[in-house]
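First up is the structure itself, then whatever we jot down about it.
Reckoned from all heavy atoms, side chains included, excluding hydrogens, waters and symmetry mates. Everything numeric here is computed off the predicted structure, so don't read it as measured data.
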Number of protein chains: 2
Amino acid sequence: MKSKTFLLSLCLLLLAAAGQTFAQLLAAPQVDAERRVTFKIQAPDAKDVRVINLSDSAAMGAKEYVLVKGADGVWSGVTNPCRPGFHYYELSIDGFRCSDPASQAYFGWGKWCSGLEVPGEGLDFYRAQNTPRGEVRFHWYFSKTTGALRKCLIYTPPDYDKNLTTRYPVLYLQHGAGESELGWTMQGKVNVILDNLIAAGKAKPMLIVMDNGYAAKAGAENPHRPRGEDNAFADLVVKELVPMIDANYRTLNDRNNRAIAGLSMGAGQALNIGLSNPDLFASVGAFSGGLWRFDINTSFNGLFKDAAKFNETYRLFWFGCGDLDGGFAGMQTFHNALEKQGIKHIWFPGPGSHEWQVWRQHIYEFAQVLFR
Amino acid sequence: MKSKTFLLSLCLLLLAAAGQTFAQLLAAPQVDAERRVTFKIQAPDAKDVRVINLSDSAAMGAKEYVLVKGADGVWSGVTNPCRPGFHYYELSIDGFRCSDPASQAYFGWGKWCSGLEVPGEGLDFYRAQNTPRGEVRFHWYFSKTTGALRKCLIYTPPDYDKNLTTRYPVLYLQHGAGESELGWTMQGKVNVILDNLIAAGKAKPMLIVMDNGYAAKAGAENPHRPRGEDNAFADLVVKELVPMIDANYRTLNDRNNRAIAGLSMGAGQALNIGLSNPDLFASVGAFSGGLWRFDINTSFNGLFKDAAKFNETYRLFWFGCGDLDGGFAGMQTFHNALEKQGIKHIWFPGPGSHEWQVWRQHIYEFAQVLFR
């Protein structure tokens with residue numbers, strides 16, 4: 001072990017000194033034309049090596065793959081055809097779950113894990129084109145609500161630094177449980193999707209603010225699992241984040257130009273915050289989640305009882321879900337109930353599971369009708 | 001396996017629906033007052049579990065630690081006292097090297113691996129204070145040099161978006177071999193260090209551009225290991241990056257207000273690019289590297305032969321190295337040779353190895369004398 005590390009270290013130093021360069025030591029899993037993925041894992045001393053699909057079986061063709069050890073000590077295997085899109089996965093090395101050193105790391109499932117990008121046809125909407133690029137800014141701030149330093153990410157459209165008098169509408173966009181403020185950019189490619197839409201004239205240039213959905217009140221008993229009153233995310237958004245963004249960015253700071261949306265846990269946050277604060281938000285989006293024992297008369301403080309008032313208050317109420325998602329039936333029922341009640345909304349049922357590919361599609365659709 | 005994943009999945013959905021939240025499922029390694037680190041790894045079916053220190057032995061007190069399995073299937077161990085700072089490490093699970101799922105992931109060693117942050121006294125210079133924060137922007141661009149989409153990171157000082165007529169000097173700052181454009185922010189905390197220096201009036205507000213040091217010429221035979229003419233990084237910086245930054249940011253775009261520096265491999269790049277392009281750069285910094293068979297008469301095209309000319313051309317020539325670094329003697333010799341030759345420079349020898357703690361110190365020192 002010692003000599004190996006030392007040699008690698010020496011090798012890096014020499015390469016550096018000689019100006020020779022290399023980027024990634026390990027070859028990422030290879031996807032073939034049938035969307036089968038080949039894994040090769042160098043683990044000569046392991047007794048059992050598997051690839052664990054962290055989504056539904058169809059995402060990667062099976063829940064897990066037991067790799068086979070070759071004479072060279074490399075464990076390998078080829079998956080069944082995978083579904084196009086982004087899939088979280090892990091390795092299991094003698095039962096120990098870890099990320100694949102050959103993969104880009106993504107924060108999901110409460111930790112850094114591996115992700116597989118499976119290409120497919122007709123998916124150019126999230127492929128970077130040679131068009132003007134927006135930026136994503138890391139913005140740090142000390143929060144009075146949580147008593148801690150926080151980071152949010154802000155997408156600024158391509159012209160933000162050129163049109164210095166233009167003000168922009170703002171979408172607050174939340175990740176799912178176990179993920180972080182990085183999710184929409186790294187897994188979701190939201191910046192690429194918006195760049196493409198804006199270049200095609202299909203979406204209004206907008207700012208997108210992506211904060212971390214975990215926010216424990218200062219002094220909370222368990223800051224990592226804030227419950228009840230200790231969960232200060234709604235307070236943070238309403239009292240601190242929105243004013244801070246309006247103070248620091250060239251926003252259109254009225255409710256008509258402010259929206260909130262999110263996926264899964266973030267859908268719940270978007271519904272709770274957006275539908276409780278009509279003074280702040282005129283548009284709300286819920287992607288694959290957020291409904292819990294829904295009742296048209298009592299949920300969201302009875303907001304849906306008065307259709308005329310709701311329709312007057314909200315410019316856009318949008319929700320979507322993949323048909324393989326465990327929550328699909330609930331959202332379909334929600335849609336039916338709103339239809340019956342005369343509540344204006346857009347319901348976007350589509351193919352797919354509880355996964356990023358669906359949320360890429362959701363933001364792509366949602367952004368096109370937002371702020372119109 | 002299947003039922004476990006399903007249950008976790010269900011649990012996440014329920015938590016999300018109920019508005020209950022949690023951030024990180026796993027407890028990170030704990031550092032005690034003596035800077036000993038306790039590791040606990042749940043791997044009941046593994047036969048051999050180790051923590052591998054990816055730096056010199058002193059960084060984490062030993063090159064590796066063999067953990068001991070408890071009755072509960074949790075492998076644990078306590079390190080010797082560690083050196084304060086940031087240390088790359090990995091786990092070895094039955095000989096398979098992987099990152100620790102309980103750690104933040106950092107791109108280093110050509111892959112995503114784990115990092116340990118060991119606190120120490122007198123190290124407030126890289127601790128975020130409640131002072132104005134700069135931002136770090138992710139800036140994507142299509143490069144003609146490489147024929148591919150690239151990303152660079154740009155630190156903008158706290159007032160950048162307030163003083164809309166102010167222009168700023170620019171430091172181009174490069175990571176080391178096996179790392180990426182993320183290194184200076186994630187491992188180096190350069191934004192925190194600059195925020196602190198600027199708040200204290202100890203550094204001029206400046207932009208810092210951090211690109212990826214790997215750049216293969218379009219059509220290169222092996223884009224991951226570009227050699228010779230295929231290694232297009234210098235071309236990229238001179239012909240493409242500098243003009244793009246000057247066109248898109250409020251820079252002071254003369255040589256006196258432009259610097260280039262880097263660590264290890266990046267030190268070599270900074271020396272090569274900075275000392276070959278005096279029309280572009282008046283200040284150069286080399287942190288722990290960049291010298292290769294140095295000869296005062298022939299290295300860098302004989303640039304150091306004419307001390308008067310060199311001293312007139314360069315405003316600041318700064319280099320530093322840790323005394324435990326394998327390259328220390330070479331840099332000390334370089335310093336002696338420059339002294340003898342009458343070349344004005346700053347030599348910053350200090351404690352430490354080939355590690356981020358040293359580079360945090362280097363940027364802290366370098367930034368204070370830069371653009372003065």
### Summary
Heaviest contributor of heavy-atom pairs below 4.5 Å to chain B, chosen from A:Cys113, A:Pro132, A:Ala105, A:Ala43, is A:Ala105

### Summary
Applying a strict 4.5 Å limit to non-hydrogen atoms, the region of B:Lys162 in contact with chain A is side chain

#### Entry: Approximate separation, where rounding is to 0.5 Å, of B:Met186 CE and A:Phe138 CZ
7.5 Å

### side-chain contact (heavy atoms from CB on, under 4.5 Å) between B:Phe96 and A:Cys98, intermediate numbers included
CA-CA 10 Å; B:Phe96 181 72; A:Cys98 59; 4.1 Å; yes

### Residue among B:Asn130, B:Leu153, B:Thr185 with most heavy-atom pairs under 4.5 Å to chain A
B:Asn130

### Message
I need the A:Tyr106 OH to B:Trp112 CH2 distance, nearest 0.5 Å.
### Response
9.0 Å

### Message
I'd like to verify something: which residue of B:Leu91, B:Leu271, B:Asn191 has the highest number of heavy-atom pairs under 4.5 Å with chain A?
### Response
B:Asn191

### Query
What pair of heavy atoms forms the shortest contact from A:Pro101 to B:Arg97, and how long is it?
CG-O, 3.5 Å

### Summary
Here the gap from B:Asp100 atom CG to A:Lys111 atom NZ, rounded to the nearest 0.5 Å, amounts to 10.5 Å

### Query
Relative to chain B, which segment of A:Gln42 carries a heavy atom at a distance below 4.5 Å: side chain, backbone, both, or neither?
backbone

### Taking every non-hydrogen atom, the tightest pair across B:Arg133 and A:Phe142
NE-CE1, 4.2 Å

#### Entry: Note, A:Phe107 side chain near B:Gln104 side chain (heavy atom, < 4.5 Å)
no

### Query
Where does A:Ile93 contact chain B at under 4.5 Å (heavy atoms): side chain, backbone, both or neither?
both

### Query
Should A:Arg137 and B:Asp161 count as an ion pair when the cut-off is N to O under 4.0 Å?
yes

#### Entry: Under 4.5 Å from a heavy atom of chain A, the part of B:Phe233 involved
neither

## Note on the structure
Given A:Asp45, A:Val49, A:Ile41, the one with more heavy-atom pairs under 4.5 angstrom with chain B than any other is A:Asp45

### Message
Pair B:Val136, A:His139 - check side-chain contact (heavy atoms from CB on, under 4.5 Å), show working.
### Response
CA-CA 7 Å; B:Val136 173; A:His139 184 96; over 6 Å; no

